[in-house]
Amino acid sequence: MKIDLAHQQLTALPQLEQAPQDITDLNLFDNALTEIPDEVFAMTALHTLNVSVNQLTHISPRIQELTGLTMIDLGHNQITEVPAAIQHLTALSEYLYLHNNRITQVGNEVCQFPLLRYLNLSDNLLEQLPDAIGELVALVELRCMNNQLTAVPESIGQLKQIRELHLRNNKLQSLPESLAQLTTLRVLDLENNQLSSAPESIGKCQSLRRLNLRHNGLSTLPESIGKCRSLLEMDLRSNELVKLPESLRQLTQLERLDLRWNHHLEFPAWLTELEQHGCIIYR
């Protein structure tokens with residue numbers, strides 16, 4: 001049974017006619033809750049819990065009582081830490097959303113979900129990701145935008161099912177060579193970091209369709225980039241590129257290439273070959 005109590009400015013859970021054990025889906029989106037109501041923890045059949053856009057400052061350890069949850073959205077609150085108790089939600093298989101909070105660190109407690117497909121940690125205060133992130137072997141999408149990350153753990157290469165990796169607006173200075181193992185990756189967003197180079201291993205990401213490296217400090221691109229034959233879009237705007245690898249000529253599926261604001265870049269004559277294949281090039 002689904003209960004929808006969104007947009008009602010609730011500060012507490014109202015009296016419900018339904019028995020707690022009959023409720024499978026509870027939507028408390030956009031209210032004024034400062035904590036998850038105790039009544040929720042009696043809903044032992046709950047599969048989906050949405051408490052996003054409230055005023056939560058913490059997650060009660062009692063969250064571990066909701067062992068049937070497959071999806072929980074805790075985004076857009078004021079949560080400062082993730083309790084160890086959350087690791088007991090081993091049925092999580094769809095979404096774990098913790099974005100737009102005030103979380104300064106996450107540990108192994110967010111890495112205990114071998115069935116989880118979507119993890120959103122964006123818009124927090126994270127400086128690092130746990131090494132155990134690679135244990136999320138079913139992950140399809142990882143969002144860690146708008147944090148303070150300075151590095152990505154090597155274990156990221158264990159995410160064999162991942163299709164989208166969003167890391168824009170961090171402080172990344174390098175990428176791990178294990179990137180080569182992400183053979184299912186389609187979208188890699190690294191806009192607005194501090195990268196001076198991309199690893200040679202990126203050429204093994206042969207499912208990659210969209211690569212965003214805008215606003216970094218790249219002076220070169222690896223020659224291996226030409227092996228990413230599935231690339232449709234590549235954004236290199238606002239870097240320090242001086243020369244392009246000739247292997248780019250091999251990207252015959254490319255539809256969009258943004259080279260603007262690389263003030264010292266020499267534009268090779270062979271760029272016209274890409275244009276003849278239908279690629280729009282912004283110079």
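Residue D189 is tested with R214, R143, R210, R168 for a salt bridge (Lys or Arg N to Asp or Glu O under 4.0 Å); the sole match is R168. Exactly one residue among N212, L213, L248, D258 makes a side-chain contact (heavy atoms from CB on, under 4.5 Å) with M234. That residue is L248. Under the side-chain contact (heavy atoms from CB on, under 4.5 Å) rule, I281 has a single partner from T272, L259, L254, which is L259.
Atom CD of E164 has more than 12 heavy atoms from other residues, nucleotides or ligands within 6.0 Å. Within 6.0 Å of NZ on K160 lie more than 12 heavy atoms contributed by other residues, nucleotides or ligands. Environment of CD in E154: crowded, with over 12 heavy atoms of neighbouring residues, nucleotides or ligands closer than 6.0 Å. Within a 6.0 Å sphere centred on CD of Q9, other residues, nucleotides and ligands contribute more than 12 heavy atoms. By the 6.0 Å contact criterion, NE2 on H215 is open, its count of non-hydrogen atoms from other residues, nucleotides or ligands being 12 or less. Heavy atoms of other residues, nucleotides or ligands lying less than 6.0 angstrom from CD of E223 number more than 12. Heavy atoms of other residues, nucleotides or ligands lying less than 6.0 angstrom from CZ of R62 number more than 12.
Without hydrogens or angle criteria, E200 side chain to S224 main chain gives a donor-acceptor distance under 3.5 Å. Checked by atom type and distance alone, the side chain of Q112 never pairs as donor or acceptor with a backbone atom of E109 at under 3.5 Å. For the pair N147 (side chain) and N124 (backbone), a donor-acceptor distance under 3.5 Å is present.
In this pair, Y95 and Y97 present their aromatic rings tilted. The plane angle is within the 30 to 60° band.
No side-chain N or O of N193 forms a donor-acceptor pair with one of N170 less than 3.5 Å apart. Counting only N and O atoms by type, the side chains of K171 and Q148 include a donor and acceptor under 3.5 Å apart.
Atom CG in L28 sits 10.0 Å away from atom CD1 in I3 (nearest 0.5 Å). With rounding to the nearest 0.5 angstrom, the CG atom of L211 is 9.0 Å from the CG atom of D235.
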